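Letters A, B, ... mirror the listed sequences (proteins, then strands); counts begin at 1. These numbers come from a predicted model, not from an experiment.
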Amino acid sequence: MSALENLTIAEAGRRLAKGDFTAVELTEAHVARMARFRHLNAYITETPEAAIAAAKASDERRRQGQAGGLEGIPLGIKDLFCTEGVQTTAASRILEGFKPQYESTVTQRLKAAGAVSLGKLNLDEFAMGSSNTTSAFGPVENPWKRKSAPATKLVPGGSSGGSAAAVAARIAMGATGTDTGGSIRQPASFCGIVGIKPTYGRCSRWGIVAFASSLDQAGPMARTVEDCALMLNAMAGHDAKDSTSAPIAVPDFARALTGDIRGLKVGIPAEYRPAGLSDEVAKVWDQGIEWLKAAGAIPVEISLPTTKYALPTYYIIAPAECSSNLARYDGVRFGLRVPGQTLDDMYRKTRAAGFGREVRRRILIGTYVLSAGYYDAYYAKAQKVRRLIADDFANAFKTVDVILTPTAPTPAFAQGENTDDPVTMWLNDVFTIPTSMAGLPGLSLPAGLSSDGLPLGLQLIGRPFDEETLFRVAGVMETAADFKALPEGV
Amino acid sequence: MTYLLQGDTGDWEVVIGLEVHAQVISNSKLFSGAATEFGGDPNAQVSFVDAGFPGMLPVINGVCVEQAVRTGLGLKARINLTSVFARKNYFYADLPQGYQISQYELPIVGEGELIIDLADGTSRAIGIERLHLEQDAGKSMHDQHPTKSYIDLNRSGVALMEIVSKPDLRSPEEAGAYIAKLRSILRYLGTCDGNMQEGSLRCDANVSVRPKGSTELRTRCEIKNVNSIRFVQQAIEYEARRHIEVYESGGTIDQETRLFDSAKVETRSMRSKEHAHDYRYFPDPDLLPLVLDPAMVETIRASLPELPDERKERYIKDFGLNSYDAGILVAEKANAAFFEAVAKGRDAKQAANWIMGDFFAALNATGRTIDDPPVTAAALGELLDLIKDGTLSGRLAKDVFALMVETGKGPAVLVEEKGLKQVTDTGAIEAAIDAVMAANPDKVAEVKAGKDKLIGWFVGQVMKSTGGKANPAMLNELLAKKFKG
Amino acid sequence: MSLDKKAVRSIAELARIEVPEDELESLAGELSNILSFVEQLAEANTDGVQPMTSVAAMTLPWRADVVNDGGYPTKVLANAPEPVTLDEGGFFTVPKVVE
């Protein structure tokens, strides 16, 4: 195992600066490794030649003394970010072959910071899913295996399953993800890596294929807390092209890792410990509380009473918004077109052929809840409950500085499990959804292993635009957890 | 006087509400930075946002917001300091996003009113329900190819103000007067150029009928996208009669959307909008609520120009014009400006008459516009001065005006060239009178015998012999003296 | 709320997605199931609560009225399935619409 892929972004950055190796060497190592791990199906589109060319350019920039914050670092890009000239599919048939003529703001910022893109990573179709099993380009395999059944293929979580698997298998040093109801945090937990969904408005949504506009947020996924901080430094920032982008300065998130959390109040919400919570998950949560106490933080019992309504609220609002956001996929100006006798016929056939079952399901629910006669009972009601959820957090943050919860109710499950009933699948996001509804930042980091050897993550939730506290606390927990486990064969 | 249509069973009233879509004057579109100019190359004024590509997001144009506020204030309407953009969801080839960004429950402008002026000299206030901002759609062309429709998205995303009247209109005439006044106000404000041929002002008419004297509101039909005042009036009349026929034969009117066929002068059902539309309005999550600073609204209010109604009052009061004439002159801001330039320091009524008469006729005849007139305000003013100081008679001035239109030369120059200066020298006029009297002794005798009417003949003859230049007042005076003496 | 085939057909039409006849029944079942799940929201007391349409605690930013976009018809048409391209631009095409 070549040493280069095992470096963190931070270490690689330091050693590139010292000249220990070149960006080309670093990228080539990853390109070679991508071939070995192709069976994971983490990438939809690999771009090795472009990556090496970009690495060359990076080395040249470094020679000129113009190194950026992520200079020469090879990353994977979730295939939801529009990348100019490079196929962008959203893991859907309806966008197969689509090569945008524009670049998303977030990936443009990563380029400007000197990062190298290895390719476009697989995801659940249109970011709708928690297992990366709804992609039109095949499911992604989690590099982690159950001790008890190593041949069983496990899901990496979703929707950013390809991103999480790639980082865990070290075929990308970091990856971009997006999180609407948990799509960065839950796969990060399933794959034993770190991921953060920043505050809504922290990163620009311009150029990211929209799923649910009031919830979508781009964020970094990497193997360490510091790496995520370095990536977020580059990704975040106000964008005038996005009306929901916050006009707020981006601090140096890496500097937040002071290691000092003495006196910090950590909220432990009662509602996240429901009757059926798995013992293992409860245990790792308790362990997390102990680590924080040992570091001088003060756990505080809090209540977030509206928690139980978060899931139904999400599954009204997200489908409603997506039913409208996905209306543009109509075969007229880009993407798949299935011919029809009439315009409407073309629409019907194109969209039937182009969208998978989960996407179709959500579009139909969304269409229904917005339709005449039902708007008040569903959508308007959900918007009110959403405010209650946000108020719960705002109240809690009067007495605590950060909140600690498990990230997911279970470790990674097997491909094929949990697929009968969409609602059961949706329960995967029960701990991550409330954070999204309130627009708050949420970070997941690996805290331990299940008895079957699978990663279990813990989630930290912060005040709006207080990612710094999340990084600070996560840094301390990361040190305490000392999570050194690796998937078999990585 | 109520407009009534006669049916078999009795008289019917017509109830009309108008929805006018006015394209906002701005450089760029409502939510994107693409240009709004009319007539560009196909799809050359389209950004990725306008074309609804994946990941694209709207950002609102501040000038469009100000124009909507300005228009609302011009319509004496309530400005809503907080308003919300909503998505109106439907599928059509010229609607790239699959939804139109519009406003639904909370529009930027609330209730207002507009005064319409009718031919019989009366005026009536028509209620404005609301005004909201929304995106225009692209253009589909269905006649370029046997099996395909062509789509040009240049217009997609241009800012529209949708101005909705209350159903207060009661006749095609009133509808026409409403559109004319609204258009005039928009042009005065500079918020819309009101060009119906180019489509910057479009009208949807909602029409229903009811038996005379009834106060019920029956089912209405919407006639979409009528692009001239005359067509709106024709469409309303046809549609009202259609409703009456249906009711009188025992049928019912289904609420539907119809198109006006101007060639056949009839309305017909729109096939593509068969399904009752469920637009599934919801607040656009890409846009936060629009919040207006009250100070900004006041600044706009303070900067409003004098609007047609106020200007008309001023013309009546300060210039002594009658309501009808004042109404004609103020309808177009440029006409009013022209009038004021001519009337300044002069007889305003005379100026008004000349403008509404000879000048407007000349514009028509030459096909020129008030922005590039064949006779400038200064030149017309000079002409009026020459009448006033006696150089020209009113009659001769008309001839000079015709020459001014033809040659583009100023009146003084033409008077010199053609030697048209009015003769006011009593001696010369007397001499001319004597000459005519000497040549026509029999007629002189007739006049002296009592046939006063013949004096007019003498006036004509003297005018002829002087080439029309004899000062008429003097001529009459001297003739009268000659015949008395 | 239970949806029947007719309701699903109607919703699918609003969404312009063709659903094969033999899938309508099971789809109706799936959607009804989901609606039952989300209907628990009715229990939540939301008297006097303002709906939240955005978590971003800001108001709508305005842009200046300058032309700084558009003017690239070739790019706009580049991904079109069946464009008609001309020297000066071009058109998207769709099956002819009869109005």
Side-chain angles (χ1 to χ4, degrees), chain B residues 26-29 31-36 40-51 53 59-65 82 84-85 89-93 98 138 140-142 144-154 259 270-272 275 278 280 282-285 287-291, chain C residues 3 6-19 31 35 38 41 49-99:
Chain B
S26 66
N27 296 322
S28 57
K29 297 182 179 179
F31 292 112
S32 88
T36 55
D41 286 339
N43 288 302
Q45 289 170 197
V46 177
S47 75
F48 295 122
V49 176
D50 306 321
F53 275 90
V59 183
I60 198 163
N61 179 336
V63 162
C64 296
V65 175
T82 301
V84 172
F85 285 96
N89 298 281
Y90 66 96
F91 284 88
Y92 198 56
S140 328
M141 278 159 282
H142 308 297
Q144 303 291 308
H145 189 280
T147 59
K148 301 190 204 185
S149 289
Y150 284 17
I151 312 294
D152 174 8
L153 295 178
N154 279 351
L259 282 178
M270 279 182 84
R271 290 220 277 130
S272 60
H275 302 286
D278 185 349
R280 288 156 281 133
F282 71 105
D284 192 327
L287 295 166
L288 304 156
L290 178 63
V291 173
Chain C
L3 295 178
K6 179 160 165 268
V8 176
R9 216 179 268 121
S10 177
I11 299 165
E13 179 53 25
L14 273 180
R16 294 298 189 274
I17 301 178
E18 190 173 77
V19 177
L31 298 178
L35 288 175
V38 300
L41 267 202
V49 179
Q50 284 303 308
M52 179 180 220
T53 50
S54 179
V55 288
M58 26 186 289
T59 58
L60 194 59
W62 299 5
R63 39 165 267 278
D65 185 27
V66 287
V67 175
N68 59 9
D69 209 346
Y72 38 79
T74 317
K75 285 193 185 178
V76 163
L77 290 164
N79 302 102
E82 282 179 42
V84 167
T85 47
L86 310 169
D87 284 339
E88 59 284 5
F91 299 92
F92 298 99
T93 67
V94 297
K96 194 174 176 97
V97 177
V98 183
E99 235 160 38

Next on the checklist: Can you confirm whether P42(B) sits close enough to E88(C) that some side-chain heavy atom of one is under 4.5 Å from a side-chain heavy atom of the other?
Outcome noted: yes
Checklist entry - Between F282(B) and chain C, which part of the residue has a heavy atom less than 4.5 Å away: side chain, backbone, both or neither? => result neither
Next on the checklist: Counting C-beta onward and ignoring hydrogens, is there a side-chain heavy-atom pair between R280(B) and L14(C) closer than 4.5 Å?
Outcome noted: yes
Next on the checklist: Side chains of F91(C) and Q144(B), heavy atoms from C-beta outward: is any pair under 4.5 Å?
Outcome noted: no
Next on the checklist: Filter on ring-ring contact (aromatic ring centres under 6.0 Å, His included), then keep only pairs touching residues 68-87 of chain C, sequence neighbours left out; what's left?
Outcome noted: F48(B)-Y72(C)
Checklist entry - Residues in side chain to side chain donor-acceptor pair (under 3.5 Å) with S28(B), at least two apart? => result N61(B), R63(C), D65(C)
Checklist entry - Considering all heavy atoms of both residues, which atom of V97(C) and which atom of S149(B) are nearest to each other, and what is their separation? => result N-OG, 2.9 Å
Next on the checklist: If you count heavy-atom pairs within less than 4.5 Å of chain B, which of G89(C), A64(C), G71(C), P51(C) leads?
Outcome noted: G71(C)
Item to check | Top contributor to chain C contacts, counting heavy-atom pairs under 4.5 Å, from I60(B), D50(B), L290(B) | outcome: I60(B)
Checklist entry - Using non-hydrogen atoms only, which part of S32(B) is less than 4.5 Å away from chain C: side chain, backbone, both, or neither? => result backbone
Checklist entry - Do T93(C) and I151(B) come within less than 4.5 Å of each other through their side chains, counting heavy atoms only? => result no
Next on the checklist: With chain C as the partner, which of A51(B), P289(B), C64(B) has the greatest number of non-hydrogen pairs under 4.5 Å?
Outcome noted: P289(B)
Next on the checklist: Quick check for you: to the nearest 0.5 Å, what is the distance between K75(C) atom NZ and F53(B) atom CZ?
Outcome noted: 11.0 Å
Item to check | Contact origin within V84(B) toward chain C - heavy atom pairs under 4.5 Å | outcome: neither
Checklist entry - Between T59(C) and L288(B), is a side-chain contact (heavy atoms from CB on, under 4.5 Å) present by the stated rule, with each step listed? => result CA-CA 6 Å; T59(C) 58; L288(B) 304 156; 5.6 Å; no
Checklist outcome for this item: Heavy atoms of A93(B) and V94(C) approach each other most closely as CB-CG2, 3.9 Å
Checklist entry - Checking heavy atoms, do the side chain of N79(C), its backbone, both or neither come under 4.5 Å from chain B? => result side chain
Item to check | Most contacts with chain C, counted as non-hydrogen pairs under 4.5 angstrom, among A44(B), G138(B), P285(B) | outcome: A44(B)
Checklist outcome for this item: Of all heavy-atom pairs linking L153(B) and F92(C), the shortest is CD1-CE1, 3.5 Å
Checklist entry - Roughly how far apart are K96(C) NZ and K148(B) NZ, rounded to 0.5 Å? => result 11.5 Å
Checklist outcome for this item: Tightest non-hydrogen contact, residues G90(C) and N43(B), listed as O-ND2, 2.6 Å
Item to check | Gap separating the CZ atom of R16(C) from the OH atom of Y90(B), nearest 0.5 angstrom | outcome: 11.5 Å
